[in-house]
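Okay, so here's the structure we're looking at.
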Number of protein chains: 2
Amino acid sequence: MTSRRRGAAPVTLKDVAADAGVSVATASQALAGRGRMTDVTRQRVRLSAERLGYRANALARGLRTGRTQALGVHHQSAAASLATAYFRDFLAGAIEAAHRHDHDLVVLSSDTTRPRTSAPRVDGVVVVDPIADDLRARELMEMPVPVVAGEHVPAHMPPCAVVAADHATAVRTVLDAAAAAGARRPLLAAPDENSGWGNLLREVVVAWCAERGTTPVLVSTQFATRSVDTERARLTPVLVAHPEVDLVVGASPFAALGALQVLRALGRTPGGDVLVAACADGQGLREEDPPVTAVELPAHALGAACVERLVSMLDTEGGADAALGTVQTVPAPVHLRASTSGAVGVLR
Amino acid sequence: MTSRRRGAAPVTLKDVAADAGVSVATASQALAGRGRMTDVTRQRVRLSAERLGYRANALARGLRTGRTQALGVHHQSAAASLATAYFRDFLAGAIEAAHRHDHDLVVLSSDTTRPRTSAPRVDGVVVVDPIADDLRARELMEMPVPVVAGEHVPAHMPPCAVVAADHATAVRTVLDAAAAAGARRPLLAAPDENSGWGNLLREVVVAWCAERGTTPVLVSTQFATRSVDTERARLTPVLVAHPEVDLVVGASPFAALGALQVLRALGRTPGGDVLVAACADGQGLREEDPPVTAVELPAHALGAACVERLVSMLDTEGGADAALGTVQTVPAPVHLRASTSGAVGVLR
DNA sequence: GTGAAAGCGCTAACAG
DNA sequence: CTGTTAGCGCTTTCAC
């Protein structure tokens with residue numbers, strides 16, 4: 001039996017070797033299936049190992065081999081973020097993928113008050129939603145460890161491999177749908193330049209407008225803001241000053257919901273004389289009247305894709321360097337709803 | 001600046017020592033704030049470390065000190081379980097607590113098809129919902145590492161410290177409420193003996209009945225079962241055979257919902273001539289007609305409490321051994337709803 | 001005050 | 001075929 005008392009000294013390779021009457025080196029090779037030796041010896045070692053309940057010390061192995069079979073995930077305030085469906089689903093996807101490759105998944109301490117005293121014992125890191133002023137994220141991205149960013153990296157952060165939702169396509173779909181329903185002057189409320197996502201949304205909307213000979217009204221929000229009230233306060237003066245706006249695109253559900261409130265207060269009719277959409281779907285949006293058109297962020301798929309990418313970088317010689325700055329994208333379905341007036345349904 | 005190329009060799013203590021013109025030993029002590037040396041030397045070392053962007057190698061440190069500053073969580077099929085509010089909230093609580101103590105939280109690979117090849121590099125492990133036939137859980141509990149079980153440990157598993165919701169008090173509250181509304185013959189549908197939770201529920205209900213000179217009807221389910229249909233199929237013959245049952249207590253929401261369906265099909269009136277309750281709250285229960293009385297499992301608090309307990313065991317000499325088999329309990333509020341007929345409201 | 005040396009448990013190169 | 005040796009990066013004891 002392998003059952004042993006808690007607190008008993010762990011069984012080391014030395015113990016196994018002694019028990020089997022071979023040297024540690026031979027024992028190591030026997031268990032790893034490497035090296036050349038008689039099958040008898042190998043079996044003897046294996047038996048000893050099993051009988052003693054031997055488990056290799058991952059620390060020692062990692063120190064020697066440089067691989068730990070563990071991957072890290074970082075998200076600013078990971079614990080609080082678990083309350084959001086996005087991070088939760090992302091994490092579930094990441095865990096599934098990591099376990100599929102027999103790696104443990106480490107949720108890295110996101111205490112931002114102090115830097116890490118030691119480098120995390122992981123082979124690579126996924127940084128979810130890298131935000132320029134997140135110190136821990138920056139710290140991780142500067143470490144000599146392969147990093148995959150889940151979502152675009154803002155300027156002034158070290159480059160790394162990126163896996164992101166295909167926001168460009170999705171947002172264009174939304175804009176086209178709104179244009180088909182008559183919209184001409186969009187307003188975009190998106191996170192400021194600390195967010196790569198916000199930057200991308202701005203780029204896309206500006207480009208789309210330019211193609212039509214117009215320019216969007218732009219409002220900056222904070223990535224971490226999770227309140228309809230804040231967004232409403234921010235949008236009110238802008239919408240008052242720009243009565244010509246006939247399409248409000250909010251990055252977050254909160255921005256879209258805030259816009260809805262402001263527009264109604266201004267006597268306008270969402271889904272009628274003004275259209276509204278969000279670049280990230282959320283429960284509240286479906287339940288509004290009118291339901292709000294939104295991009296479905298494929299959180300689960302993104303989490304899995306980030307880990308898959310990381311693993312393949314790890315498995316490829318020089319893979320991490322080759323991946324620097326390259327972007328892999330995951331489709332983001334668009335849910336067209338009544339708030340953009342025209343057609344209704346899902347576009348994948 | 002500390003920014004360095006990806007793939008560049010990590011800065012080791014040796015580099016720092018060389019840069020500061022001292023030995024590795026001195027460098028180590030300087031950074032740890034231990035040892036006796038002039039403040040000048042210490043500062044010089046610290047400066048070098050910072051300038052080079054030194055981060056201690058957690059593997060090497062762990063190998064030497066036996067502490068890794070990381071804790072593990074195990075749950076059978078962790079990834080799939082993230083879909084449940086329970087595990088998600090539990091994990092959030094655990095992560096918060098772990099980060100509070102500056103530990104990383106490792107979601108251990110729950111691939112049950114093969115045993116771990118190496119022991120996880122963690123100082124302690126939380127096993128959520130230990131199930132007797134979960135091989136990985138058993139494996140972890142047999143390792144020479146402190147373990148805290150989140151929920152009661154079934155028979156035939158190694159003993160360990162336990163943190164559990166106070167099901168006994170909660171279920172008695174439910175039973176008393178039902179009795180006050182006239183219920184006399186309870187049926188309990190709970191997971192089989194592989195689940196410590198199921199065992200406890202049975203004990204409590206049997207004891208409660210014994211105090212009233214009766215015995216409950218007992219139905220066994222599987223812990224992993226997450227479907228109303230399965231539960232309905234299981235309950236149908238039993239409820240047909242026992243028309244005298246006037247209170248159905250389901251361990252999971254699924255069992256309670258299944259019971260509701262069966263009872264209605266049999267022409268009975270939940271909340272009227274038969275009462276229904278669940279030992280774990282879930283979204284579906286609140287939305288039923290009548291809404292179903294249920295115990296709120298304090299998942300977040302449990303997750304946090306498990307980690308806190310683990311940390312305190314780690315900090316106490318011999319704390320792990322002392323904790324073996326002891327149970328710490330977390331209050332579980334009871335939501336009395338119309339399905340148990342009488343009073344309605346929350347009891348904490 | 002500071003450095004040299006040993007060793008945590010493991011694996012990889014090279015002897016025998 | 002198997003054992004010996006060296007060393008991953010760090011901490012700790014003990015000399016100097």
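Lettering of chains follows the sequences in order, A, B, ..., and the numbering in each one begins at 1. Just so you know, these numbers use all the heavy atoms, side chains as well, and skip hydrogens, waters and symmetry mates.
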Encode nucleotides 3-10 of chain C as B, S and - characters from 5' to 3', where the letter depends on protein heavy atoms closer than 4.0 Å: B to the base, S only to sugar-phosphate, - to neither.
BBBBBBBB
Integer-rounded Å distance: D:dC8 C1' and A:Arg121 CZ
17 Å
Ignoring hydrogens and angles, tell me if any N or O in the side chain of A:Arg136 forms a donor-acceptor pair with the backbone of A:Ser109 under 3.5 Å.
yes
Would you mind reading off the distance between B:Asp15 atom CG and D:dC8 atom P, rounded to a whole angstrom?
11 Å
Looking just at side-chain N and O atoms, do B:Ser81 and B:Thr84 make a donor-acceptor pair shorter than 3.5 Å?
no
Taking the side chain as everything from C-beta on, heavy atoms only, tell me whether A:Leu108 gets closer than 4.5 Å to A:Leu140.
yes
Starting at atom CG of A:Asp39, determine the distance to atom C1' of D:dT2, rounded to an integer number of angstrom.
15 Å
Separation of D:dG9 atom C1' from A:Arg67 atom CZ, nearest Å, is 19 Å
Please check the phosphate of C:dT2 (OP1 and OP2 only) for any side-chain N or O of B:Arg36 closer than 4.0 Å.
no
Determine, for A:Asp104 against B:Arg116, whether the closest basic-nitrogen to carboxylate-oxygen distance falls under 4.0 angstrom.
yes
Rounding to a whole Å, what distance do you find between A:Arg34:CZ and D:dG3:C1'?
18 Å
Side-chain N or O of A:Thr41 less than 4.0 angstrom from OP1 or OP2 on D:dC1?
no
What I want to find out is whether B:Arg138 reaches B:Asp133 closely enough, with some N-O distance under 4.0 Å, to be called a salt bridge.
no
Counting distance only, does the side-chain N/O of A:Ser28 pair as donor-acceptor with the main-chain N or O of A:Val24 below 3.5 Å?
no
